[in-house]
Novice: 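Before we start, here is the structure in question, set down as structure tokens.
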Amino acid sequence: MKNIVILGAGYGGLTTLKGLKKVIKNGEAKVTIVNKNSYHYDTVNLHEVSAGNISRDEICIEIKDIVESEVSFVQDEVVKIDTSEKVVYTKKQELKYDILVVGLGFETQTFGIEGMLENALPITDIKAAEKISERIESNFKKYAESTEKDVKDISIVVGGTGLAGIEFLAELIDRRKELCKKYGIDEKLVKIYGLDAAPVLLPMFDKEYSAYARKFLEDQGIEIILGAGIKGATEDRFIVEIDGDRKELLASTLVWTAGVKGSRIMDATFPELSKNGRLVTTQQLTVPGLEEIYIVGDCAAFIEEGQERPYPTTAQIACQMGAYVASHITNRLAGNTNENFKYINRGVVCSLGSKDAIAHAMGLKYKGFFAAKTKKLIEAKAINECTNLKTAIRSQRVF
Ligand SMILES: Cc1cc2nc3c(=O)[nH]c(=O)nc-3n(C[C@H](O)[C@H](O)[C@H](O)COP(=O)(O)OP(=O)(O)OC[C@H]3O[C@@H](n4cnc5c(N)ncnc54)[C@H](O)[C@@H]3O)c2cc1C
């Protein structure tokens, strides 16, 4: 019986596991899934937890509740992979594998910007998200209770106005209202900035739609500053360069969403193949020269034949990779051959709080409440793809 070990219970890891159900039931393989927490969290909703608009319970699913009884779940942190001995080392144990699937997700990437790692909070996982929410509230509380009333304490600067940055900024609108009410603060005094070195906002959308998102935020008093190269961060400010001029944006809450890279385990395991935690896979999502190892999700840089650049890392591609790898392994165990992986891009939706969004999805372009509901439907679909229908229905936030 083959030993299949899956690392990471994110979108990539869990869809792989789900796709292997038949192989597991038939007793063709022994499957182990390793994850550092006892739960899976819906990464695509971390901005809502970061803003403090929802609690972790709304996006966390206990892994023991979704894995088959035949599957071993190891709650531990992966620290090393030895590809020659075919062993995964976690903090507490060693796991031998015949087939390995790496889906360890992403980490923050600060591009060497001075002080960023130490002073700005990234939206990387559920604990990091909760830390941001707590920091915002404690600063608002400090402002309300202090006699000096330092406006820095009710200022938030977000570095990065990509999808995650914009979704987080939009979530801050509701949180600002709630906290101002709770601590008796005038909402107009709160300053929220979104900064980006890029000259264009949300380039994956048509101009009209990115302009809609920008107006949505600006109408709520959120200042978007594009073409702002972030040069450094200290405890209470971002140092930026705009049109050659240096400027400082002061805030007691600094959030960084501008860069992600794959897991550090990737660079340590594949020093010659992996860069910034991502590895250019073969067309069948394996590691070149090591066909027993598959890479899924944000650790994989998949460049489709005929293209020059890898696809952006998304939950959408992570789920498709997981499903593909499961069917690849199933075919392999049955002695059948496999087609190459083909990514189907079903579009993109950027939420603007809970009631608005912009969507380029399923060949259509639309915005507003219906787009916001589409986003929640897509999220429920992703949960179904990596768990089961019952869990997806229970966790859905469409209605
Ligand atoms: C705020 C935000 C909004 C986003 N919005 C969208 C969106 O709208 N649509 C979209 O398609 N994508 C979106 N993304 C991107 C998407 O979330 C990621 O591309 C996706 O989560 C990648 O899936 P994954 O399986 O590779 O990793 P993850 O889902 O991050 O899962 C990795 C898992 O591995 C575990 N792990 C990590 N290291 C270890 C270790 N050493 N040992 C054990 N376990 C470990 C983690 O705990 C986690 O459970 C968003 C991301 C963010 C942050």
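Ligands are counted one by one from 1 in listed order, and the atoms in each one are counted from 1 as well. Sequential numbering from 1 along the given sequence is applied to the chain's residues. A quick note: this is a predicted structure, and the numbers were derived from the prediction, not measured.
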Novice: Ring centroid separation for Tyr343 and Tyr311, is it under 6.0 angstrom?
Specialist: yes
Novice: Would you tabulate the side-chain donor-acceptor contacts of residues 153-165 under 3.5 Å, counting partners in other chains and residues two or more places apart, or write 'none'?
Specialist:
residue : atom : partner : partner atom : Å
Asp153  : OD1  : Ser252  : OG           : 2.7
Ser155  : OG   : Val151  : O            : 2.7
Thr161  : OG1  : Asp196  : OD2          : 3.0

Novice: For the pair Phe341 and Phe302, evaluate ring-ring contact (aromatic ring centres under 6.0 Å, His included) and give the outcome as yes or no after the intermediate values.
Specialist: CA-CA 9 Å; Phe341 174 64; Phe302 173 67; 5.0 Å; yes
Novice: Verify, without hydrogens or angle tests, whether Asn35 (side chain) and Tyr39 (backbone) share a donor-acceptor contact under 3.5 angstrom.
Specialist: yes
Novice: More than 12 heavy atoms of other residues, nucleotides or ligands under 6.0 Å from NZ of Lys30: is that the case?
Specialist: yes
Novice: Examine the side chains of Asp356 and Tyr212 and answer whether a donor and an acceptor come within less than 3.5 Å of each other.
Specialist: yes
Novice: Could you go through ligand 1 and list every pair where one of its N or O atoms sits under 3.5 Å from a protein N or O, giving the atom names and the distance to one decimal?
Specialist:
residue  : atom   : partner : partner atom : Å
ligand 1 : 8 (O)  : Lys375  : NZ           : 2.5
ligand 1 : 11 (O) : Ala315  : N            : 2.9
ligand 1 : 11 (O) : Gln316  : N            : 3.2
ligand 1 : 12 (N) : Ala315  : N            : 3.1
ligand 1 : 19 (O) : Asp298  : OD1          : 2.8
ligand 1 : 19 (O) : Asp298  : OD2          : 3.3
ligand 1 : 19 (O) : Thr314  : N            : 3.4
ligand 1 : 19 (O) : Ala315  : N            : 3.4
ligand 1 : 21 (O) : Thr43   : OG1          : 3.4
ligand 1 : 25 (O) : Tyr11   : N            : 3.1
ligand 1 : 25 (O) : Gly12   : N            : 2.8
ligand 1 : 26 (O) : Asp298  : N            : 2.8
ligand 1 : 29 (O) : Thr43   : OG1          : 3.2
ligand 1 : 41 (N) : Val78   : O            : 3.1
ligand 1 : 42 (N) : Val78   : N            : 2.8
ligand 1 : 44 (N) : Lys36   : N            : 3.1
ligand 1 : 49 (O) : Asn35   : OD1          : 2.9

